[in-house]
Amino acid sequence: MPLTPLVYWAQRHEDIYLRVELTDAQDIDVRVHENILQFKAQGHGAKGQNEYEFSLEFLSPVKPEVIHRSTQRQVSITVKKGQHGWWERLTLKERKPVFLAPDFDRWLDESDAEMEIREKEEKKNRLKASRHKEEEGSISLKTAFLFVYNLVQFLGFSWIFVNMTVRLFIFGQDSLYDTFHTISDVMFFCQILAAVEVLNAAFGVVHSGVIPTLIQVVGRNFVLFIIFGSLEEMHNRPVVFFVFYLWSAIEIVRYPFYMLGCFNTEWKTLTWLRYTIWIPLYPLGVLAEAVAVIQSIPIFDETKLFSIPLPKALGTSISFSFVLYIYLVLMFLGLLINFRHLYKQRKRRFRTKKRKAN
């Protein structure tokens with residue numbers, strides 16, 4: 001015949017805890033049906049090794065999900081109350097079952113339980129506060145990083161823009177022919193550093209699209225390193241001046257805007273320039289890059305630089321100019337993608353401003 005084990009209970013505002021005195025319990029079956037908990041298992045209890053079972057009809061509704069955990073010494077059961085609250089007793093019947101006793105290891109009065117809840121809430125609030133401080137620290141570190149990055153880029157492109165402007169006024173047309181020799185070192189530095197923007201977008205450091213950022217950075221570096229950097233014949237071409245000048249004219253507006261944004265500060269004139277100046281300058285910049293690519297095609301054909309060798313049986317190679325023709329097509333596709341992206345940014349920005357004004 002099944003025997004009844006000793007069962008100890010305690011409660012909290014949300015849970016009922018039962019501890020069944022059964023050693024090395026096996027074949028444990030615990031379920032709640034119509035507010036009645038039924039337990040059955042094999043194990044070593046007060047009457048030795050046997051099958052033990054019991055049932056309890058709870059005072060108030062409970063949830064049917066039951067959590068139980070068996071150790072070598074006992075079986076622990078947790079039942080969720082249907083509604084938060086404090087029960088005056090465990091069972092529906094006032095007379096307590098003979099096998100049931102309070103679990104004084106976990107027993108708390110209602111006031112003690114409320115104190116426990118408050119302590120848990122205070123601990124949770126302290127954890128939230130510490131996490132908030134950590135987040136503030138990480139945000140300030142991120143802000144400092146972004147500010148320094150944008151400041152360095154602003155200083156670099158400002159030097160390029162001012163230097164080219166001054167030289168244009170002093171030397172006139174002659175300044176167009178030695179732009180690469182006087183400006184390229186700083187431009188190389190700024191454009192290599194611009195790769196950080198792709199990483200920032202990819203890892204969520206800034207809320208910016210990865211694809212438009214990647215198109216701009218890769219496109220510029222292709223023109224700078226492949227078209228200008230690898231061909232000495234391109235160094236003295238006036239197109240270098242126009243490419244560098246248009247790039248720097250855009251960036252001396254963009255980077256100060258980002259610098260102010262690091263501190264949630266805005267200068268309306270700068271904001272308007274940031275979302276407007278690209279409309280004429282960006283297509284002009286792409287056009288200047290396209291002119292540079294077109295001018296480089298005969299040079300690549302003549303020098304065979306970067307040509308793609310074919311098997312000896314064919315006895316020839318593919319000129320790099322074929323890649324440049326493909327690049328020209330991709331360049332104008334990239335122009336359309338970025339132009340659309342920038343237009344959406346501008347529309348969203350000034351629509352938001354109008355809503356705030358209303």
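Numbering of residues begins at 1 and proceeds along the displayed sequence. Predicted model only: the values in this text are computed from it and were never measured.
- Two residues are said to be in side-chain contact when any heavy atoms from C-beta on lie closer than 4.5 Å; V152 and V148 meet this criterion.
- Summarising the local packing, CZ of F306 is surrounded by more than 12 heavy atoms from other residues, nucleotides or ligands at distances under 6.0 Å.
- By the 30° and 60° cut-offs, the orientation of the rings of F161 relative to Y245 is parallel.
- Annotation for Y275 and W278: closest pair O-NE1, 3.0 Å, computed over non-hydrogen atoms.
- In terms of heavy-atom proximity, T143 sits nearest to C262 at CG2-O, 3.3 Å.
- K124 and E121 are not joined by a salt bridge, as no carboxylate oxygen comes within less than 4.0 angstrom of a charged side-chain nitrogen.
- Ring geometry for F300 against F320 counts as tilted: the plane angle lies between 30° and 60°, on a 0 to 90° scale.
- By the ring pair (Phe, Tyr, Trp, His ring centres under 6.0 Å) test, Y8 pairs with no residue at all, sequence neighbours left out.
- Between L22 atom CG and Q42 atom CD the span is 9.0 Å, to the nearest 0.5 Å.
- With sequence neighbours excluded, the residues satisfying side-chain contact (heavy atoms from CB on, under 4.5 Å) with Y177 are Q173, P238.
- By the side-chain hydrogen bond (donor to acceptor under 3.5 Å, both in side chains) test, E21 is found to be paired with R19, residues two or more places apart in sequence or in another chain being considered.
- Side-chain atoms of D103 and Y17 include no donor-acceptor pair closer than 3.5 Å.
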Distance-only criterion, 3.5 Å: show the donor-acceptor pairs between side-chain atoms of residues 68-77 and protein atoms not counting sequence neighbours.
unit_1, atom_1, unit_2, atom_2, d
T71, OG1, R73, N, 3.4
T71, OG1, Q74, N, 3.2
T71, OG1, Q74, O, 3.2

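- Its side chain within the 4.5 Å cluster rule, I170 clusters with V162, V166, F171 among the Ile, Leu, Val, Met, Phe, Trp and Tyr residues.
- A side-chain donor-acceptor contact under 3.5 Å links N150 to the backbone of L146.
- For N35, there are no side-chain hydrogen bond (donor to acceptor under 3.5 Å, both in side chains) partners at least two apart in sequence or on another chain.
- Here F180 contributes atom CZ and F228 contributes atom CZ; the two are 8.5 Å apart, rounded to the nearest 0.5 Å.
- Taking 4.5 Å as the limit, some side-chain heavy atom of I227 sits within range of a side-chain heavy atom of L324.
- For CZ of R89, the number of neighbouring non-hydrogen atoms (other residues, nucleotides, ligands) closer than 6.0 Å is greater than 12.
- With hydrophobic clusters built from ILVMFWY side chains whose heavy atoms lie under 4.5 angstrom apart, Y343 shares a cluster with F257.
- F99 is not listed as a side-chain neighbour of V20, based on a closest heavy-atom distance of 4.5 Å or more.
- Transitive grouping of hydrophobic side chains (ILVMFWY, heavy atoms separated by less than 4.5 Å) brings M331 and F242 into a common cluster.
- Under the 4.5 angstrom side-chain criterion for Ile, Leu, Val, Met, Phe, Trp and Tyr, L108 has no cluster partners at all.
- Counting heavy-atom neighbours within 6.0 Å of E302 CD, excluding the residue itself, gives a total of 12 or less.
- Residues V79 and L6 do not share a hydrophobic cluster, defined by chaining ILVMFWY side chains whose heavy atoms lie under 4.5 Å apart.
- Side-chain contact between Q153 and E251: absent, with no pair of heavy atoms (C-beta onward) separated by less than 4.5 Å.
- One N or O on the side chain of S175 and one on the backbone of G172 form a donor-acceptor pair closer than 3.5 Å.
- Other residues, nucleotides and ligands place no more than 12 heavy atoms under 6.0 Å from the CZ atom of F169.
- Between the CD atom of Q216 and the CG atom of N221 there is a distance of 10.0 Å, given to the nearest 0.5 Å.
- Side-chain contact between I16 and L37 is absent, with no heavy-atom pair separated by less than 4.5 Å.
- More than 12 heavy atoms of other residues, nucleotides or ligands shown are found within 6.0 angstrom of CZ on F225.
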Donor-acceptor contacts, no H, no angles, side chain residues 54-66, under 3.5 Å, sequence neighbours left out:
none

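- Between C190 and V186, the closest side-chain pair of non-hydrogen atoms falls below 4.5 Å.
- Under the 4.5 Å side-chain heavy-atom criterion for Ile, Leu, Val, Met, Phe, Trp and Tyr, I211 and V196 are members of distinct hydrophobic clusters.
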* Would you sort out whether K40 and E51 count as a side-chain contact (heavy atoms from CB on, under 4.5 Å), showing the intermediate values? => CA-CA 7 Å; K40 184 183 294 185; E51 182 179 344; 3.4 Å; yes

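- For I299 against M234, the heavy-atom pair with the smallest separation is CD1-SD, 3.8 Å.
- In terms of hydrophobic clustering, with Ile, Leu, Val, Met, Phe, Trp and Tyr side chains grouped at heavy-atom distances under 4.5 Å, F145 and V206 are assigned to a common cluster.
- Taking CG of L246 as the start and CZ of F241 as the end, the distance is 9.0 Å to the nearest 0.5 Å.
- Between F157 and Y255, the two ring planes are parallel [angle under 30°; tilted spans 30° to 60°].
- Ring centroids of Y149 and Y258 are separated by 6.0 Å or more, keeping the two rings apart.
- A search for side-chain hydrogen bond (donor to acceptor under 3.5 Å, both in side chains) contacts involving D29 returns R31, not counting sequence neighbours.
- A donor-acceptor pair under 3.5 Å is formed between the side chain of Q11 and the backbone N or O of W87.
- Put simply, CD on Q295 and CG on L231 are 11.5 Å apart, with the number rounded to the nearest 0.5 Å.
- For K80, the side-chain hydrogen bond (donor to acceptor under 3.5 Å, both in side chains) partners are D15, not counting sequence neighbours.
- Using a 4.5 Å cut-off between side-chain heavy atoms of Ile, Leu, Val, Met, Phe, Trp and Tyr, V210 forms no hydrophobic cluster with any other residue.
- Considering every non-hydrogen atom in both D301 and S321, the closest pair reads OD1-OG, 2.7 Å.
- Residue E232 places its CD atom among 12 or fewer non-hydrogen atoms of other residues, nucleotides or ligands, all under 6.0 Å distant.
- For the pair I160/M164, a side-chain contact is recorded, criterion being any heavy-atom separation below 4.5 Å from C-beta on.
- If you look at F39 and Y52, their ring centroids are not closer than 6.0 Å.
- For the residue pair T213 and E197, no side-chain donor N or O sits within less than 3.5 Å of a side-chain acceptor on the partner.
- By the 4.5 Å heavy-atom criterion applied to side chains, Y325 and V293 are not counted as neighbours.
- The minimum heavy-atom distance between V239 and A288, with the atom names listed, is CG2-O, 3.4 Å.
- Between the CD atom of E266 and the CZ atom of R274 there is a distance of 12.0 Å, given to the nearest 0.5 Å.
- In the hydrophobic clustering, L214 connects to V198, V217, V218, either directly or through intervening members, whenever side-chain heavy atoms lie under 4.5 Å apart.
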